[in-house]
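Side chains are part of it too, since the values below use all heavy atoms of this structure and drop only hydrogens, waters and symmetry mates.
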Amino acid sequence: MKSRPLLKKRKLRNILNGQKKFHNQFPYEDYLFFLKLANGLNFNGLFLYGLQLEDDDLNIQLANNTWRESKYMQNYVFIGEDSISFFVWNMMEKKYEVLDKPSGDVFEEYDNLKNLLMEALETALPS
């Protein structure tokens with residue numbers, strides 16, 4: 001049982017450090033909490049990325065290679081998105097943030113991944 005999370009951690013670290021270097025500034029342990037529950041999630045327009053390399057919409061590596069092409073977005077690790085927001089880890093500020101998709105402005109800041117994921121899921125729930 002313990003070897004499986006280590007493999008996931010190593011796989012996650014290798015994927016994120018692959019083509020675009022994150023210099024070990026991403027809290028892998030926090031993200032592994034999510035991966036143990038779901039290896040990516042597509043719900044009502046919300047995409048939370050996982051290690052699903054066969055599904056482009058849920059592929060954390062592909063998403064980060066795409067969104068980090070802009071020099072203004074290179075300080076972020078992209079965790080997910082919806083139609084108006086990006087859910088990210090800000091490597092400089094060491095915080096989870098919700099960014100406005102068109103402008104990149106910060107909507108919200110979170111000290112932990114759990115609260116960021118809760119916010120993302122709540123916004124995806126029909127009212």
Side-chain angles (χ1 to χ4, degrees):
M1 287 282 197
K2 290 188 178 184
S3 64
R4 187 172 215 165
L6 291 175
L7 289 174
K8 282 189 177 180
K9 181 178 180 180
R10 190 175 309 125
K11 184 176 181 180
L12 176 62
R13 186 172 294 176
N14 288 341
I15 286 171
L16 291 179
N17 285 332
Q19 296 176 343
K20 305 284 185 178
K21 299 293 181 193
F22 294 120
H23 309 289
N24 291 320
Q25 296 180 31
F26 181 69
Y28 297 100
E29 296 293 336
D30 290 348
Y31 201 65
L32 286 173
F33 164 79
F34 167 68
L35 291 177
K36 288 177 185 177
L37 300 174
N39 188 7
L41 176 71
N42 176 354
F43 174 72
N44 205 23
L46 170 67
F47 297 90
L48 296 175
Y49 309 134
L51 301 179
Q52 298 200 26
L53 303 180
E54 66 281 351
D55 185 343
D56 290 351
D57 291 335
L58 298 176
N59 181 327
I60 194 168
Q61 181 180 20
L62 182 61
N64 276 277
N65 288 344
T66 300
W67 298 125
R68 295 182 82 241
E69 284 182 359
S70 166
K71 68 178 181 177
Y72 302 106
M73 297 298 206
Q74 292 180 358
N75 290 328
Y76 301 108
V77 176
F78 290 81
I79 297 167
E81 65 180 290
D82 63 17
S83 61
I84 61 170
S85 305
F86 289 117
F87 303 97
V88 302
W89 168 254
N90 184 327
M91 292 186 288
M92 302 299 284
E93 301 293 326
K94 307 262 189 267
K95 291 182 183 177
Y96 293 98
E97 296 176 342
V98 178
L99 304 179
D100 176 56
K101 235 180 186 177
S103 69
D105 292 340
V106 177
F107 277 152
E108 299 283 336
E109 296 178 343
Y110 298 91
D111 292 328
N112 62 64
L113 180 62
K114 181 180 177 183
N115 289 344
L116 174 76
L117 294 177
M118 292 298 291
E119 174 65 23
L121 289 166
E122 285 176 13
T123 59
L125 290 173
S127 34

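- Hydrophobic cluster membership is shared by Leu113 and Leu121, with clusters built from Ile, Leu, Val, Met, Phe, Trp and Tyr side chains linked at under 4.5 angstrom.
- Within the 3.5 Å criterion, the main-chain N or O of Asn112 finds no donor-acceptor partner in the side chain of Lys95.
- Met118 and Leu99 sit in two unconnected hydrophobic clusters of ILVMFWY residues. Membership requires side-chain heavy atoms under 4.5 Å apart, directly or through other members.
- Atom CG of Leu117 sits about 10.5 Å away from atom OH of Tyr110, to the nearest 0.5 Å.
- In this view, Phe87 satisfies the ring-ring contact (aromatic ring centres under 6.0 Å, His included) rule with no residue, not counting sequence neighbours.
- When the ring-ring contact (aromatic ring centres under 6.0 Å, His included) test is applied to Phe86, the partners found at least two apart in sequence or on another chain are Trp67, Phe78.
- We find the CG-CG distance between Asn39 and Leu51 to be 5.0 Å, quoted to the nearest 0.5 Å.
- Without hydrogens or angle criteria, Thr66 side chain to Leu62 main chain gives a donor-acceptor distance under 3.5 Å.
- Clustering ILVMFWY residues whenever any of their side-chain heavy atoms sit less than 4.5 angstrom apart, transitively, puts Val106 in the very cluster that holds Val98.
- Between the side chain of Asn64 and the backbone N or O of Ile60 there is at least one donor-acceptor pair closer than 3.5 Å.
- To the nearest 0.5 Å, the span separating OG1 on Thr123 from CD1 on Ile84 amounts to 7.5 Å.
- The distance from the CG atom of Leu37 to the CG atom of Leu48 is 11.5 Å, given to the nearest 0.5 Å.
- Here the closest non-hydrogen pair linking Ala124 and Leu46 is CB-CB, 3.8 Å.
- In this structure, Lys71 places its NZ atom where only 12 or fewer heavy-atom neighbours from other residues, nucleotides or ligands lie under 6.0 Å away.
- Between atom OG of residue Ser85 and atom CD of residue Glu119 there is a gap of 8.5 Å, rounded to the nearest 0.5 Å.
- Within the 4.5 Å cutoff, side-chain heavy atoms of Trp89 are placed close to those of Lys94.
- Heavy-atom minimum distance, Val88 versus Leu116: O-CD2, 4.3 Å.
- Within 6.0 Å of NZ on Lys101 lie more than 12 heavy atoms contributed by other residues, nucleotides or ligands.
- Rounded to the nearest 0.5 angstrom, Gln61 CD and Asp56 CG are separated by 11.0 Å.
- In terms of hydrophobic clustering, with Ile, Leu, Val, Met, Phe, Trp and Tyr side chains grouped at heavy-atom distances under 4.5 Å, Phe43 and Leu58 are assigned to a common cluster.
- Of all non-hydrogen atoms in Arg68 and Met91, the two that sit nearest each other are NH2-CE, 3.5 Å.
- The closest side-chain donor-acceptor pair between Asp30 and Tyr96 falls under 3.5 angstrom.
- In the displayed structure, Asp111 atom CG is contacted under 6.0 Å by at most 12 heavy atoms of other residues, nucleotides or ligands.
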